[in-house]
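For reference, the structure is listed below as structure tokens.
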Amino acid sequence: MTLQAENLTLRGPRHLMSSLEKLNIALDVDSTHCLWLNDKHQITAHTSSPSSANDANLIVVRVENAESWPDTKELSADIPDDVHLLDVLLIHHKRWRSLLCTDSTCCPPDGLTIEIEKVECEKPQRAALYAQWQSWLLTSRIPEHLLGTALSSLRDLPLRDALLAQLAHEPRAMEHWVDLQATHGDIDHPAWLSILSSVFFLEEKMDRSHRLALRAIELDATYSLARLLIQAHDADAPRGIVLSAFSRYTSQELLDRANTDLVMSEDFQNSHDQK
């Protein structure tokens with residue numbers, strides 16, 4: 001069994017954002033994963049030992065399925081002094097927690113259950129839905145009979161992340177989301193609310209962004225994007241840090257990573273060709 005996970009956390013007095021790109025990690029095999037990040041928080045290397053530093057920032061992911069949770073001190077004992085340890089994530093019998101997090105409501109001692117996203121679009125379907133979202137954003141309206149389909153499609157993480165990346169690379173996309181929200185209101189769906197929270201965060205409308213993220217968490221306490229946004233608010237993170245998390249890849253690159261044979265819509269392709 002493998003886990004495809006993306007974790008975003010804020011850690012330390014500098015409120016650095018640490019990003020783990022999508023990784024396939026076997027949950028039933030004890031292993032150590034050392035992820036090296038550059039100053040832009042992009043992963044530059046994936047090693048099995050913290051002794052071979054590629055960059056100064058490190059996230060350790062440890063899979064250990066012993067009878068009891070392992071000693072936390074042993075997991076960070078071999079970290080070189082000149083390495084900035086951003087986080088240590090422990091996976092134990094398909095549960096996980098951060099060993100550096102002291103908030104028991106966030107990372108309880110017995111960890112959180114790993115939930116693998118069950119909704120995945122087929123390749124042609126994802127391309128078609130992305131093109132459809134562009135149409136809805138441009139017209140500021142989702143037809144009522146397609147609203148359920150639209151919200152369900154946001155459970156597909158590559159599609160949702162492509163829409164987030166678009167916010168970073170195409171400033172007008174934020175305006176389109178605001179107009180779409182004005183048409184449909186605050187729909188009670190965690191992905192919808194979290195994307196809107198991201199839009200208002202980037203527009204520096206913090207009260208509105210925070211309110212939407214809190215409502216998303218009420219609907220789904222495990223929704224990672226909403227948790228990230230609440231952490232960003234609590235840490236008073238600069239707009240640029242969140243923007244950089246969304247801008248590491250373009251919308252097209254994110255979809256291409258998930259679908260190597262994806263054919264983008266003509267309008268979206270043309271917009272990138274003009275850059």
Side-chain angles (χ1 to χ4, degrees), residues 8 119 121 125-216 219 223-226 228-229 232-233 238-259 262-275:
L8 296 170
V119 177
C121 294
Q125 181 186 15
R126 181 178 289 129
L129 284 168
Y130 185 85
Q132 185 66 75
W133 269 104
Q134 303 314 302
S135 174
W136 294 333
L137 288 167
L138 287 172
T139 60
S140 304
R141 180 178 178 273
I142 302 173
E144 194 65 29
H145 70 284
L146 292 178
L147 188 57
T149 299
L151 296 176
S152 179
S153 73
L154 295 179
R155 293 179 60 194
D156 182 65
L157 296 187
L159 175 61
R160 187 207 67 184
D161 288 350
L163 292 171
L164 289 172
Q166 188 180 28
L167 296 175
H169 293 277
E170 301 177 33
R172 288 192 62 186
M174 285 186 271
E175 299 175 16
H176 295 323
W177 274 100
V178 171
D179 292 341
L180 194 64
Q181 189 267 346
T183 301
H184 294 282
D186 293 342
I187 297 170
D188 265 353
H189 186 279
W192 169 271
L193 294 171
S194 296
I195 293 177
L196 289 174
S197 176
S198 302
V199 169
F200 291 124
F201 191 105
L202 297 178
E203 289 194 325
E204 299 184 324
K205 297 178 180 178
M206 299 306 184
D207 289 343
R208 198 169 186 183
S209 171
H210 197 200
R211 177 176 59 82
L212 293 173
L214 289 173
R215 179 55 185 161
L219 296 171
Y223 196 68
S224 59
L225 178 58
L228 165 65
L229 289 161
H233 280 287
R239 172 186 184 274
I241 288 182
V242 175
L243 187 63
S244 68
F246 294 160
S247 64
R248 288 180 298 129
Y249 302 99
T250 65
S251 305
Q252 184 174 358
E253 286 170 336
L254 277 166
L255 286 171
D256 284 346
R257 280 159 56 105
N259 310 306
L262 176 69
V263 178
M264 299 299 296
S265 67
E266 183 178 353
D267 290 344
F268 181 71
Q269 184 65 59
N270 288 341
S271 71
H272 276 265
D273 290 343
Q274 294 169 5
K275 291 186 178 181

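Note that these values count all heavy atoms, side chains included, but never hydrogens, waters or copies made by symmetry.
- Once rounded to the nearest 0.5 Å, the distance linking CZ of R172 with CG of L137 reads 11.5 Å.
- At least one side-chain heavy atom of I195 sits less than 4.5 Å from a side-chain heavy atom of L164.
- The line from OG of S198 to CG of L193 is 11.0 Å long, rounded to the nearest 0.5 Å.
- Here the side chain of H184 pairs a donor or acceptor atom with the backbone of I142 at under 3.5 angstrom.
- Between Q166 and Q134, the closest side-chain pair of non-hydrogen atoms falls below 4.5 Å.
- Closest heavy-atom contact between S153 and L159: O-CD2, 3.5 Å.
- Side-chain atoms of W133 and L180, non-hydrogen and from C-beta on, do get closer than 4.5 Å to each other.
- Y130 has its side chain within reach of L163: a pair of non-hydrogen atoms, C-beta onward, lies under 4.5 Å apart.
- For residues 135-149, no residue pair satisfies the side chain to side chain donor-acceptor pair (under 3.5 Å) rule, not counting sequence neighbours.
- At a threshold of 4.5 Å between non-hydrogen side-chain atoms, the residues Q181 and V199 do not count as touching.
- Residues satisfying the side-chain hydrogen bond (donor to acceptor under 3.5 Å, both in side chains) criterion with R211, sequence neighbours excluded, are D186.
- Here the CG atom belonging to L147 is positioned 9.5 Å from the NE2 atom belonging to H189, to the nearest 0.5 angstrom.
- The CG atom of L196 sits 13.0 Å away from atom CE of M174, with the distance rounded to the nearest 0.5 Å.
- One distance of note links NE2 of H233 with OG of S197; it measures 4.5 Å at 0.5 Å rounding.
- Judged purely by atom type and a 3.5 angstrom limit, S194 uses its side chain to pair as donor or acceptor with the backbone of P190.
- Here the straight-line distance linking atom CZ of R215 with atom NE2 of H210 works out to 14.5 Å at 0.5 Å rounding.
- Residues passing the ring pair (Phe, Tyr, Trp, His ring centres under 6.0 Å) test with H176, sequence neighbours excluded: none.
- Shown here for W192 and G185, the closest heavy-atom pair between the two residues is NE1-O, 3.3 Å.
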